[in-house]
Amino acid sequence: MTLRLYDTLTRAKRDFVPVDPARVTMYVCGPTVYNYAHIGNARPVVVFDVVFRLLRRLYGADHVLYAANVTDVDDKINLKAAQEGVAIGVITERYLAAYHADMAALGALPVTFEPRATQTMDAIIAMIERLIAAGAAYAAEGHVLFDTQSYADYGKLSGRSLDDMIAGARVEVAPYKRHPADFVLWKPSKENEPVWESPFGPGRPGWHIECSAMIEQTLGLPIDIHGGGNDLIFPHHENEMAQGVCADGHTATYANYWLHNGFLNLGTQKMSKSLGNVQLVHDLVRSARPEALRWALLSSHYRQPLAWTNDVIAQAKGALDTLYGALLRATDVEATDCEPSEAFLDAVMDDLNTPKANAELFALAKLLETGAAHDRAAAKGQLLAGGALVGLLQGSPKAWFQGAADGDLTEKVEALIADRIAARAAKDWARADAIRGELTALNVEVMDSASGATWKLRETAV
RNA sequence: GGCCUGGUGGCGGAGUGGUUACGCAGCGGACUGCAAAUCCGUGUACCCGAGUUCGAAUCUCGGCCAGGCCUCCA
């Protein structure tokens, strides 16, 4: 069974072969920390977290290096800092902490490296110097620009030619550019903006160079997998690749597999900060089950657009109710076969077909509900192992249903249920129903079974 | 204007040249003292038109619709 991944550069699903199985590398463009992350920002985080988990399974946890950068200097951060009258570090620390908390709530594992732009300045400057020396960049009016015409493959990733770019240019072209597509590597800082000394004059780096320098510094070329949202294909990843390859003297490819996730739509449009139609993870993890959010993000294929609605979250919660319900009723079953089932692995290995993998989870849950003892034990092991591979179903089933109940309520409910069991044993149906009424008033639903009674807290929200 | 996706049952969503996933919700039944949960069963699904084919929702062409990128953006 081989992992197959869809590569944007070759536009094909290809078998994944790492450069070095003992050192598998992955880089994903991380956040610019000037605000809370929205659920659209979380999609790549969750998707590539699944890739990360899968690679760790295939090559060993110690053999996979995952880097995600933090952009901690840019115009929006500067603006926010100026508005609040604080240093940019105050802004970036605040929102980076929130980002970490939000992504952890969604079940994302910590990445191996989290380089920051402000701490990579030497490498960025050194890379720009190499690009100039290689004839791939030029200085002009205090800026340093990448010379797109010097790189024959420019446009290959996004599938557009330099001519297309001129035809499609919607931006005014700065007069000092040799070609309209040339982009900034270094630019002078405006007044009151953070500034770094460099051989090209005081200033700050362009956005694209940051990622190239970080990849080179933390992972080294070529990396196996480069990921991000599909809006980054052009210009960001196109430019990154051009910089990386040219600075490297064209000796290595930049990334062997380019993975891009589709967007989250809110209504008919993509969710984006500039459109203002965002739902913050920070808020969602409080109004909905974080695990349901993760399920919802994985409920469609990662390259497809996902229409984000309350219904999607509610359906995700319903699906997890079914799965956790099966596990709750199987508390006494000792799990065996603690590996994902073959069908589950097949689905995940086929370019991360998580919807198909989820279907397999339901098949296992059914087996767990209805199978013979031996099959139930295996199904439970496979269900939990499959869940672990995609970062789901790892909580206790009891906590899933009763999680929001505090100790006092739990004690009260348990006492009422004990009374009701006694009443039922005495066939005192009136009393049993009266107690159920009390439980209902507490927002508690009781479920009788042959082996006793369990209960769950009814959700007031999704 | 250039480049690129996608249109599947009430909703979400895989997939495939012929056997028509899966989930959520609904309905019928079983079980239950009654419920809930569970189990069993159930629904004329594949945007339109033409073509290729013994056979297309799946391939080709055309059209319509929706969205993305070309500018900061996951």
Side-chain angles (χ1 to χ4, degrees), chain A residues 8 11 28-32 34 37-48 68 71 74-76 155 158-161 163-172 181 207 227-236 238 260-265 267-275 278 295-296 299-307 309 311-323 325-326 328-329 343 347 350 353-363 365-366 368-370 401 424 427-430 432-433 436 439-440 444-450 453-456 458:
Chain A
T8 304
R11 278 152 231 281
V28 175
C29 295
T32 300
Y34 69 97
H38 59 75
I39 191 70
N41 299 129
R43 168 121 97 148
V45 174
V46 168
V47 164
F48 290 105
T71 299
D74 100 326
D75 290 342
K76 284 168 184 163
S158 54
R160 55 190 93 197
S161 67
D163 290 345
D164 291 342
M165 290 175 204
I166 298 174
R170 296 201 309 205
V171 206
E172 240 179 278
W207 177 44
N230 68 190
D231 61 329
L232 295 181
I233 296 172
F234 189 86
H236 185 55
E238 190 73 64
H260 291 100
N261 63 274
F263 264 68
L264 231 59
N265 296 144
T268 58
Q269 286 181 306
K270 76 169 190 172
M271 189 185 291
S272 80
K273 289 177 189 171
S274 35
L275 292 172
V278 300
W295 179 280
S299 67
S300 70
H301 185 84
Y302 77 93
R303 285 192 277 118
Q304 294 298 118
L306 202 177
T309 61
D311 210 34
V312 163
I313 304 171
Q315 291 186 14
K317 195 206 156 264
L320 284 167
D321 277 343
T322 299
L323 263 17
L328 182 68
R329 270 166 247 112
D350 181 18
N353 192 337
T354 50
K356 200 174 179 184
N358 289 347
E360 170 63 8
L361 258 21
F362 287 103
K366 180 144 294 181
L368 184 54
E369 297 274 19
T370 60
F401 291 109
R424 293 184 75 224
K427 296 199 190 293
D428 183 353
W429 308 128
D433 290 347
R436 188 162 63 202
L439 289 165
T440 304
V444 166
E445 202 166 289
V446 61
M447 295 168 285
D448 297 324
S449 78
T454 55
W455 59 278
K456 67 179 176 187
R458 268 208 297 245

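Chain naming here is simple, since letters A, B, ... match the order of the sequence lines and numbering starts at 1 in each. Everything numeric in this text was worked out from a predicted model, so none of it was measured.
- A:D75 comes within 4.0 angstrom of nothing in the nucleic acid, heavy atoms only.
- A:T354 contributes no side-chain N or O that, together with a main-chain N or O of A:A357, makes up a donor-acceptor pair within less than 3.5 Å.
- At the heavy-atom level, A:F362 lies under 4.0 Å from the strands shown only through sugar-phosphate atoms.
- In this structure, A:K456 does not pair ionically with A:D321, as no charged nitrogen and carboxylate oxygen lie closer than 4.0 Å.
- With P as the reference atom, B:G49 and B:U58 are 12 Å apart, rounded to whole Å.
- Nucleic acid contact class of A:R329 (heavy atoms, under 4.0 Å, all strands): sugar-phosphate only.
- B:G10 is paired with B:C24 under the criterion used here, namely a Watson-Crick or G-U wobble arrangement in which both key atom distances are under 3.5 Å.
- Judged by closest nucleotide on RNA chain B, A:N353 is the one of A:N353 and A:N41 placed further toward the 5' end.
- Backbone-only engagement by A:Q304 is indicated by non-hydrogen atom pairs under 4.0 Å involving sugar-phosphate atoms exclusively.
- A:D433 comes within contact range of at least one nucleobase, with a heavy-atom separation under 4.0 Å.
- Judged by distance alone with a 3.5 Å cut-off, no donor-acceptor contact links the side chain of A:N230 to the base of B:A74.
- A:G325 comes within contact range of no nucleotide atom at all, as no heavy-atom separation falls under 4.0 Å.
- Within the shown strands, nothing qualifies as a pairing partner of B:U19 under the Watson-Crick or G-U definition with both distances less than 3.5 Å.
- With a cut-off of 3.5 Å on both Watson-Crick or G-U wobble distances, the partner of B:A37 is given as none.
- Considering only side-chain N and O atoms, A:S272 lies nowhere under 4.0 angstrom from the phosphate OP1 or OP2 of B:A74.
- In this structure, A:M271 and A:R160 both approach RNA chain B, and ranking their closest nucleotides by distance from the 5' end singles out A:R160.
- Taking atom P on both nucleotides, B:A57 is separated from B:U20 by 16 Å, rounded to a whole Å.
- Rounded to a whole angstrom, the distance from the P atom of B:A25 to that of B:C39 is 12 Å.
- Nucleotide B:C61 forms a Watson-Crick or G-U wobble pair with B:G49, both donor-acceptor distances falling under 3.5 Å.
- Distance alone, capped at 3.5 Å, places no donor-acceptor pair between the A:D350 side chain and the A:A347 backbone.
- You'll find a donor-acceptor pair under 3.5 Å spanning the side chain of A:K270 and the base of B:C73, going by distance alone.
- Nucleotide B:C3 is matched to B:G68 when pairs are restricted to Watson-Crick or G-U wobble geometry with both distances under 3.5 angstrom.
- Taking every side-chain heavy atom of A:E369 into account, B:C39 is the closest of B:G13, B:C39, B:C24.
- As rounded to whole Å, 12 Å separates atom C1' of B:U38 from atom CZ of A:F401.
- In a base pair of the Watson-Crick type (N1 to N3 plus N6-O4 or O6-N4) or a G-U wobble (N1-O2 and O6-N3), with each distance short of 3.5 Å, B:C73 is matched with no nucleotide.
- Closest to the side chain of A:A432, out of B:G33, B:A21, B:C69, is B:G33.
- Using a 4.0 Å heavy-atom cutoff across all strands shown, A:G227 reaches no nucleic acid atom at all.
- Of the candidates B:A14, B:C11, B:A21, the closest approach to any side-chain atom of A:H301 belongs to B:A14.
- Side-chain atoms of A:E238 come within 3.5 Å of backbone atoms of A:S158 as a donor-acceptor pair (strictly under, hydrogens ignored).
- In this structure, the nucleotide among B:C22, B:A14, B:C40 sitting nearest to the side chain of A:K366 is B:C40.
- Here A:V47 lies out of heavy-atom contact (under 4.0 Å) with every strand.
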